[in-house]
Amino acid sequence: MRNSTEELHDGPRRRVGALAALDGRLPGTHDLLLMQCPGSLRPLAGGELPEWARQVLRAHPWVTVGRAHPVVGTPLDLPRPQRCTRDPEAAPEQWIPITVRGPRPGQRLDALAPWAAVARTLRPERLPDRRERLAPGRLTGIPALALLPEVGRLVADHRLVWGPIGAVGYELGTGVPVTGPLSPLRLVLRAPQPISRRDALQLRRALSKLPVPVQAELETRHGAVQLAEYAAGAGVRGLTLLTPDGPREVHDPWFPRGPSV
């Protein structure tokens with residue numbers, strides 16, 4: 001029988017403990033993580049978690065993976081967690097770069113989360129199927145949520161794996177009503193292989209006709225580039241490719257060349 005915690009967060013949690021790092025791949029950018037021990041998070045700026053972050057994590061212990069490299073071991077310049085223990089004989093910990101979403105617009109906290117304390121991972125492409133779990137009023141009153149099926153049909157024409165990110169993705173994954181009537185719809189489009197600018201332009205035009213702002217990014221093997229920027233063609237400086245090492249100016253996001261910004 002599933003307990004109340006499993007019902008709330010949709011399914012059994014992953015194994016947490018000394019061998020947890022052996023259980024599956026590391027999370028990727030935009031993944032949602034359910035934290036087993038939110039108190040183990042370490043703010044990148046140092047110090048303790050702010051009170052607003054503690055309150056958010058007590059109610060909804062979900063965080064979003066950022067675009068940066070994991071840190072292996074124990075970051076010496078960050079405080080040690082106070083309320084979580086770990087097997088000292090376990091392999092060195094892997095710390096995932098994450099963001100905690102605050103209750104106010106634009107309120108964010110960048111931190112590191114130990115992989116061994118991650119109980120569940122949700123990738124963006126799994127989130128559209130969770131739309132029907134939201135209250136009917138959310139689906140009819142919030143354009144960014146109401147238009148998800150139409151977005152799925154448009155993207156399917158180009159055979160791209162996709163998923164919502166940002167506020168829409170967070171609400172679909174956690175059930176927390178953070179999306180507003182004016183919220184844009186942010187998408188990640190998985191593009192491990194090159195797509196033509198013609199196809200990108202067709203998709204951008206189709207998405208731009210929707211009655212909600214759509215911000216889509218093409219996720220290549222090297223990072224992400226904005227769909228609108230790629231569809232418009234490279235300018236003198238090229239395209240901005242977002243990578244774990246920071247933004248880079250490139251002419252081809254699938255075969256990047258050129259220095260970092």
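Nothing here was measured: the structure is a model prediction, and the numbers come from that model.
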So [Y] and [X], do their side chains get closer than 4.5 Å, heavy atoms only?
X      : Y      : result
Val176 : Trp62  : no
Arg205 : Gln202 : no
Trp254 : Leu218 : yes
Leu122 : Arg130 : yes
Glu171 : Leu145 : yes
Arg101 : Gln107 : no
Gln193 : Arg221 : yes
Val151 : Trp162 : yes

Can a donor-acceptor pair be found, under 3.5 Å and without considering hydrogens, that links the side chain of [X] to the backbone of [Y]?
X      : Y      : result
Ser183 : Thr179 : no
Tyr170 : Gly175 : no
Thr64  : His30  : no

Same apolar cluster: [X] and [Y], side chain cutoff 4.5 Å:
X      : Y      : answer
Val214 : Ile165 : no
Leu201 : Leu239 : no
Leu185 : Val161 : no
Val188 : Ile195 : no
Val225 : Leu242 : no

Say whether [X] and [Y], considering side chains only, have a donor N or O and an acceptor N or O under 3.5 Å apart.
X      : Y      : value
Thr121 : Asp31  : no
His60  : Gln55  : no
Gln226 : Thr240 : no

With rounding to the nearest 0.5 angstrom, report the [atom1] to [atom2] distance, [X] to [Y].
X      : Y      : atom1 : atom2 : result
Leu207 : Leu154 : CG    : CG    : 5.5 Å
Leu241 : His222 : CG    : NE2   : 8.5 Å
Leu109 : Arg54  : CG    : CZ    : 10.5 Å
Thr140 : Leu134 : OG1   : CG    : 11.0 Å
Leu32  : Leu127 : CG    : CG    : 6.0 Å
Asp199 : Tyr230 : CG    : OH    : 9.0 Å

I would like to know whether Glu217 and Arg67 meet salt bridge (Lys or Arg N to Asp or Glu O under 4.0 Å); could you show each step before the answer? CA-CA 13 Å; Glu217 58 184 52; Arg67 191 181 299 280; 3.2 Å; yes
Side chain to side chain contact (heavy atoms under 4.5 Å, CB included) partner of Val100, chosen from Val63, Asp110, Leu49: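 Option passing the side chain to side chain contact (heavy atoms under 4.5 Å, CB included) with Val100: Val63.
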As a quick check of understanding, evaluate side chain to side chain contact (heavy atoms under 4.5 Å, CB included) for Val118 and Gln36, giving each step before the final call. CA-CA 6 Å; Val118 175; Gln36 177 76 9; over 6 Å; no
Should the pair Glu51-Arg58 be classified as a salt bridge under the 4.0 Å nitrogen-to-oxygen rule?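 Arg58 and Glu51: salt-bridged.
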From CA spacing to verdict: side chain to side chain contact (heavy atoms under 4.5 Å, CB included), Arg120, Met35: CA-CA 7 Å; Arg120 186 171 176 81; Met35 299 303 302; over 6 Å; no
Nearest heavy-atom neighbours spanning [X] and [Y]:
X      : Y      : result
Pro253 : Pro256 : O-CD, 4.0 Å
Gln215 : Pro184 : NE2-CB, 3.9 Å
Pro149 : Arg131 : CD-NE, 3.7 Å
Ser40  : Pro114 : OG-CG, 3.2 Å
Pro27  : Ile96  : CD-CD1, 4.1 Å
Pro38  : Pro61  : CG-CB, 3.7 Å

Side chain to side chain contact (heavy atoms under 4.5 Å, CB included) between Leu148 and Leu172: does it pass, once the steps are laid out? CA-CA 11 Å; Leu148 277 174; Leu172 289 170; 3.6 Å; yes
Counting only heavy atoms not in Arg159, do more than 12 sit closer than 6.0 Å to its CZ atom?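 At most 12 heavy atoms, drawn from other residues, nucleotides or ligands, come within 6.0 Å of this atom.
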Do Leu189 and Val155 pass the side chain to side chain contact (heavy atoms under 4.5 Å, CB included) test, and can you show the C-alpha distance, the side-chain angles, and the key distance before you say yes or no? CA-CA 8 Å; Leu189 309 174; Val155 176; 4.1 Å; yes
